[in-house]
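Presented below is the structure to which this report refers.
The figures here come from the full heavy-atom set of this structure, side chains too, leaving out hydrogens, waters and symmetry mates. Throughout, protein chains are lettered first and strands after them, A, B, ... in sequence-line order, and every chain is numbered starting at 1.
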Amino acid sequence: MNTNTVSQLLAKDQFGLEIEIKGWVRTFRAKRFIALNDGSTINNIQCVVDFENTSEETLKRITTGAAVHIKGELVESQGKGQKVEIVVTSIEILGDSDPENYPIQPKKHSFEFLRENAHLRTRTNTFSAVMRLRSNLSFAVHKYFTENGFYNMHTPIITGSDAEGAGEMFRVTNLDAKNPPVNQEGKVDFKEDFFGKETNLTVSGQLEAETYAMSLGKVYTFGPTFRAENSNTSRHLSEFWMIEPEVAFMDLAGNMDLAEDFMKSVINYILENNKEDLEFLENRLLDEEKTKPQSQRSEMSLIEKLKFVVDNNFKRVSYTEAIEILRNSKPNKKKKFNYIIEEWGADLQSEHERFLVEKHFKCPVILFDYPANIKAFYMRLNEDGKTVRAMDILFPGIGEMVGGSQREERLDVLKEKMAALDIPEEELWWYLDLRKYGTAVHSGFGLGFERLVMFATGMTNIRDVIPYPRTPQNAEF
RNA sequence: UCCUCUUUAGCUCAGUUGGUUAGAGCAUCUGACUGUUAAUCAGAGGGUCCUAAGUUCGAGUCUUAGAAGAGGAGCCA
């Protein structure tokens with residue numbers, strides 16, 4: 001006798017096998033039918049209990065959420081709805097689950113409620129599907145880069161430079177918060193802190209990744225990233241996972257090619273390996289859409305959307321072209337936008353990005369060559385002197401999925417831009433060294449992993465695609 | 001951080017111009033039934049109406065302050 005997973009048992013086509021299985025009870029119907037799940041698949045296996053020959057005491061302990069060990073025979077199902085089922089010969093209750101208090105009831109729960117029970121929410125179909133997909137997407141990320149000659153690099157999580165400019169940072173300190181040491185200027189003296197200087201949690205591994213790209217050629221980091229922004233939206237987390245490849249001798253066009261090929265590859269991987277989970281999530285979304293008016297329903301189902309991304313080229317549009325499209329668009333002329341586009345140089349608001357992606361092109365869009373003054377200091381200045389080789393990839397329903405650029409490789413230009421933004425050279429002496437010794441064209445991008453998971457699962461709140469979301473005022477679990 | 005909305009039973013929600021003992025569905029429990037698919041049928045139990053202060057003869061309902069959650073915005077990934 002072997003201990004199997006539900007996934008393995010459901011795939012078997014030989015009947016009459018003596019088998020064992022351990023899992024958790026999802027529902028127990030008519031004192032006879034256990035729907036058993038062990039996490040190996042979205043599907044349950046039906047276990048048929050001979051209740052006439054099972055003690056009343058045992059039957060009472062078969063409750064939603066209980067852990068059980070079942071021995072029995074795998075047979076062709078007599079009922080409709082499943083191919084195989086288990087005729088139970090013995091059942092052992094491994095762990096009881098008090099039905100009066102168990103929060104996950106056999107009924108629909110709101111995502112808000114399940115978020116408060118995040119330790120139990122993967123016992124539901126939706127969250128188990130989402131987290132299996134998240135796991136496989138993570139694997140697909142490493143698979144893609146490894147197969148394409150990239151080295152995985154672990155960039156530091158505690159960082160000593162505060163010049164990355166990607167957002168507010170979380171300070172890392174072990175000074176006494178009530179009574180910190182103070183210097184002569186009356187400020188906190190970080191020289192006495194653990195690292196002898198001010199340190200923070202990383203907001204990006206990019207600068208460190210650049211150093212490795214300039215020796216190992218093609219590298220990527222995939223790790224946790226922290227932003228202390230007070231953002232209360234369904235698209236932002238204080239702690240999230242970011243994928244950041246960095247490649248030497250690659251220009252912006254190559255960067256766009258890489259990002260597009262990468263995204264198609266990982267989405268294709270789950271289309272091939274998570275069919276059942278995707279079908280479940282697709283049906284969940286279809287049910288949800290039935291409650292909406294026709295005009296608000298999406299044109300494509302979840303799987304159709306994923307296939308569309310894999311099969312079609314992303315639309316590449318320069319910032320300048322995008323401004324022209326927006327300026328001549330209906331909502332701009334009729335003043336429907338909250339921010340009317342009037343001239344070149346305006347920063348694009350999310351309403352503009354949504355218009356381009358969801359109304360105008362109806363596909364993922366890569367915007368490139370942005371005005372220099374709305375982008376970061378390290379981006380490669382174009383020959384026109386006003387734009388930089390930056391690119392953002394915008395996805396329908398998600399917004400900005402990727403932000404990347406060709407990096408400024410010319411020492412003098414980089415120094416000028418840092419000076420203009422008051423970034424002290426001492427802070428980034430090592431970053432400048434890359435431009436002093438063997439500098440070369442290089443590029444990379446950052447991709448928010450959770451936003452990828454959102455797109456792949458159709459979930460609309462980023463807090464529902466990470467196990468334990470960290471957001472302002474919330475670090476439970 | 002700003003704007004809008006929400007907070008009533010374990011969950012999802014209703015609750016009229018302020019008025020007796022605050023309701024429904026699901027869940028739970030009890031009983032019936034037993035090849036069911038979120039089983040069905042009958043019955044029962046279950047309430048700090050988010051918190052604090054106020055107005056009033058009387059507040060779930062009105063006012064003020066606060067907390068938490070959601071949606072949108074900004075910022076971004």
Checklist line | Sequence-aligned protein contact record of nucleotides 25-32 of chain B, with B where the base is within under 4.0 Å of a protein heavy atom and S where only the sugar-phosphate is | finding: BBSSSS--
Check: Where the side chain of A:Ser350 is defined as all heavy atoms beyond and including C-beta, which of B:rG35, B:rA73, B:rA77 is the nearest nucleotide?
Finding: B:rA73
Item checked: Euclidean distance for P, B:rG71 against B:rU34 (whole angstrom) -> 48 Å
Margin query: Are the side chains of A:Asn44 and A:Val6 in contact, using a 4.5 Å heavy-atom criterion?
Written below: no
Notebook entry, point to check: Rounded to the nearest 0.5 Å, what separation is found between the CG atom of A:Leu9 and the CG atom of A:Leu17?
Noted result: 8.5 Å
Check: Is the distance from OP1 or OP2 of B:rA68 to the nearest side-chain N or O of A:Gln473 less than 4.0 Å?
Finding: yes
Notebook entry, point to check: Between A:Arg32 and B:rC33, is there a side-chain N or O to OP1/OP2 distance below 4.0 Å?
Noted result: no
Check: Is the NZ atom of A:Lys362 crowded by more than 12 outside heavy atoms at less than 6.0 Å?
Finding: no
Checklist line | B:rU36 OP1/OP2 closer than 4.0 Å to side-chain N/O of A:Arg29 | finding: no
Note to self: Regarding A:Arg115, tell me which of base, sugar-phosphate or nothing describes its non-hydrogen contacts under 4.0 Å with the strands shown.
What the structure shows: sugar-phosphate
Item checked: Side-chain H-bond candidate by donor/acceptor type, A:Asp261 with A:Tyr144, under 3.5 Å -> yes
Next item on the list: Please measure how far the P atom in B:rG66 lies from the corresponding atom in B:rG10, and state the result in whole Å.
Entry: 29 Å
Note to self: What's the gap between B:rC50 and B:rU8 when it is taken at their P atoms, as a whole Å value?
What the structure shows: 6 Å
Check: CD of A:Glu168 versus C1' of B:rA77: gap in Å, rounded?
Finding: 16 Å
Check: Quick one: which of B:rC75, B:rU34, B:rG71 gets closest to the side chain of A:His236?
Finding: B:rC75
Notebook entry, point to check: Please give, in whole Å, the distance from B:rU36 C1' to A:Ile45 CD1?
Noted result: 16 Å
Next item on the list: Working to the nearest 0.5 Å, report the span between CG of A:Asn37 and OG1 of A:Thr5.
Entry: 10.5 Å
Notebook entry, point to check: Taking everything shown except A:Lys12 itself, do over 12 heavy atoms lie less than 6.0 Å from its NZ?
Noted result: yes
Notebook entry, point to check: Is the number of heavy atoms from other residues, nucleotides or ligands under 6.0 Å of A:Tyr151 OH greater than 12?
Noted result: no
Margin query: Suppose you measure atom C1' in B:rU55 against the same atom in B:rC62; what distance do you get, rounded to whole Å?
Written below: 8 Å
Note to self: Quick check: on RNA chain B, is the nucleotide nearest A:Lys80 upstream (toward 5') of the one nearest A:Pro103, or the reverse? Name the residue that is more 5'.
What the structure shows: A:Pro103
Margin query: Without decimals, in angstroms, what is the distance between A:Ile374 CD1 and B:rG74 C1'?
Written below: 15 Å
Note to self: Quick test of the criterion, 5.5 Å between centres and less than 30° between planes. Is A:Phe240 stacked on B:rA77 or not?
What the structure shows: yes
Notebook entry, point to check: Do A:Ser204 and A:Glu244 have side-chain N/O donor and acceptor atoms under 3.5 Å apart?
Noted result: yes
Note to self: I want to check one thing: is the phosphate of B:rA38, taken as OP1 and OP2, less than 4.0 Å away from some side-chain N or O of A:Thr27?
What the structure shows: no
Notebook entry, point to check: What is the distance, rounded to the nearest whole Å, between atom CG of A:Asn43 and atom P of B:rA38?
Noted result: 13 Å
Margin query: Let's test your reading of the model: under 3.5 Å, does the base of B:rG35 pair with the side chain of A:Glu85 as donor and acceptor?
Written below: yes
Notebook entry, point to check: From the list B:rU36, B:rU34, B:rC75, which nucleotide is the closest neighbour of the side chain of A:Gln46?
Noted result: B:rU36
Next item on the list: Would you mind reading off the distance between A:Tyr102 atom OH and B:rG10 atom P, rounded to a whole angstrom?
Entry: 18 Å
Check: Using atom C1' of each nucleotide, how far apart are B:rU51 and B:rU7 to the nearest Å?
Finding: 11 Å
Item checked: Stem list, RNA chain B (Watson-Crick or G-U pairing under 3.5 Å, at least 3 consecutive pairs) -> B:1-7 with B:67-73, B:10-13 with B:23-26, B:28-32 with B:40-44, B:50-54 with B:62-66
Margin query: On the nucleotide B:rG72, are OP1 or OP2 found under 4.0 Å from the side-chain N or O atoms that A:Arg354 carries?
Written below: no
Checklist line | A:Arg227 (side chain) and B:rA77 (base): donor-acceptor pair under 3.5 Å | finding: yes
Note to self: Check this for me: A:Phe28, atom CZ, are more than 12 non-hydrogen atoms of other residues, nucleotides or ligands nearer than 6.0 Å?
What the structure shows: yes
Checklist line | 5′-ward residue of the pair A:Thr460/A:Gly448 relative to RNA chain B | finding: A:Thr460
Checklist line | Phosphate OP1/OP2 of B:rG72: any A:Ser234 side-chain N/O under 4.0 Å | finding: yes
Item checked: Side chains of A:Glu210 and A:Tyr378, donor plus acceptor under 3.5 Å -> no
Next item on the list: May I ask you to say what A:Gly446 touches in the nucleic acid, namely base, sugar-phosphate or nothing, with a heavy-atom cut-off under 4.0 Å?
Entry: sugar-phosphate
Notebook entry, point to check: For the pair made of CD1 in A:Ile104 and P in B:rG10, what is the distance, rounded to whole Å?
Noted result: 16 Å
Next item on the list: Mark yes or no for a side-chain to base donor-acceptor pair under 3.5 Å between A:His109 and B:rC11, with no hydrogen or angle criteria applied.
Entry: no
Margin query: Please report the distance separating the C1' of B:rU61 from the corresponding atom of B:rG18, rounded so that it comes out in whole Å.
Written below: 6 Å
Note to self: Can you tell me how the ring of A:Tyr468 sits relative to the ring of A:Phe477, calling it parallel under 30°, perpendicular over 60° and tilted otherwise?
What the structure shows: tilted
Note to self: What I'd like to find out is whether the side chain of A:Val309 reaches to under 4.5 Å of the side chain of A:Phe314, using heavy atoms alone.
What the structure shows: yes
Margin query: Taking only the P atom of each, what is the distance from B:rU16 to B:rU20 in whole angstrom?
Written below: 11 Å
Checklist line | Any A:Asn117 side-chain nitrogen or oxygen under 4.0 Å from OP1 or OP2 of B:rG10 | finding: no
Next item on the list: Assign a letter to each nucleotide of nucleotides 1-9 of chain B from its 5' end: B, base within under 4.0 Å of a protein heavy atom; S, sugar-phosphate only; -, no contact.
Entry: B--------
Check: What do the steps show when you test A:Phe262 against A:Phe145 for ring pair (Phe, Tyr, Trp, His ring centres under 6.0 Å), and what is the final call?
Finding: CA-CA 8 Å; A:Phe262 164 76; A:Phe145 286 122; 4.9 Å; yes
Note to self: Distance check needed: B:rC11 P versus A:Glu112 CD, whole Å only.
What the structure shows: 13 Å
Next item on the list: Mind checking A:Ile243 for me? I need base, sugar-phosphate or nothing, with any heavy atom below 4.0 Å counting as a touch.
Entry: nothing
Next item on the list: Establish, for the pair A:Lys375 and A:Tyr370, whether the NZ or CZ atom is under 6.0 angstrom from the six-membered ring centre and no further than 45 degrees off its axis.
Entry: yes
Check: Side chains of A:Thr225 and A:Arg227: is there a donor and an acceptor less than 3.5 Å apart?
Finding: no
Note to self: How many whole angstroms separate atom CZ of A:Phe33 from atom C1' of B:rC33?
What the structure shows: 13 Å
Next item on the list: Please state the C1' separation for the pair B:rU17 and B:rU56 - nearest whole angstrom.
Entry: 15 Å
